[in-house]
Amino acid sequence: MIRDGVIAGYVKYRFRGGDVALLRLVLDPRFDDFEVESSLVRHVLLELHRRRLAATSFCPEVGAFVADHPGFDTVVPLSHGYHDNQHDLVGQRGTVPDSLDV
């Protein structure tokens with residue numbers, strides 16, 4: 001997501017076969033507010049819906065958004081639960097790096 005010409009944040013993801021993993025949400029601290037986070041997650045989930053995909057794993061921020069917006073539960077089935085058994089699947093906030101590793 002770009003705000004005022006600056007990368008405000010992104011969602012790191014991984015495709016494996018037909019599975020989509022939403023690994024983590026990263027926000028630039030200058031844009032660390034609920035509006036940016038919510039807009040970013042909503043955009044990602046709408047894009048998955050448009051492509052007729054569903055996330056098989058997701059970070060806690062995405063899970064919290066879906067819990068508050070149950071219309072997205074077809075894109076992110078909360079019954080899958082959080083996948084925190086690998087360090088890169090845990091939701092993290094941090095500084096947006098100079099180069100994006102997505």
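The structure presented is a predicted model; accordingly, all values stated were derived computationally and were not measured.
Taking the side chain to side chain contact (heavy atoms under 4.5 Å, CB included) definition, one finds that R51 meets it with E47, L53, sequence neighbours left out. R52 is linked by a salt bridge (Lys or Arg N to Asp or Glu O under 4.0 Å) to nothing, counting only residues two or more places apart in sequence or in another chain. A search for side chain to side chain contact (heavy atoms under 4.5 Å, CB included) contacts involving L46 returns R42, F72, not counting sequence neighbours.
In plain terms, the two heavy atoms of A55 and P77 that are nearest each other are O-CD, 3.6 Å. In terms of heavy-atom proximity, F31 sits nearest to V36 at O-CB, 3.6 Å. Taking all atoms of both residues into account, the shortest heavy-atom contact from L40 to Y10 is CD2-N, 3.6 Å. Of all the heavy atoms in L22 and Y13, the pair that sits closest is CD2-CB, 4.1 Å. Closest approach of V11 and V44 over heavy atoms only: CG2-CG2, 3.9 Å.
The stretch residues 1-10 participates, sequence neighbours left out, in these salt bridge (Lys or Arg N to Asp or Glu O under 4.0 Å) pairs: R3-E35.
Under the 4.5 Å side-chain criterion, counting only non-hydrogen atoms from C-beta, V20 is not in contact with T56. Between F65 and L45, some side-chain heavy-atom pair lies under the 4.5 Å cut-off.
Atom CZ of R14 sits about 8.0 Å away from atom OG of S57, to the nearest 0.5 Å.
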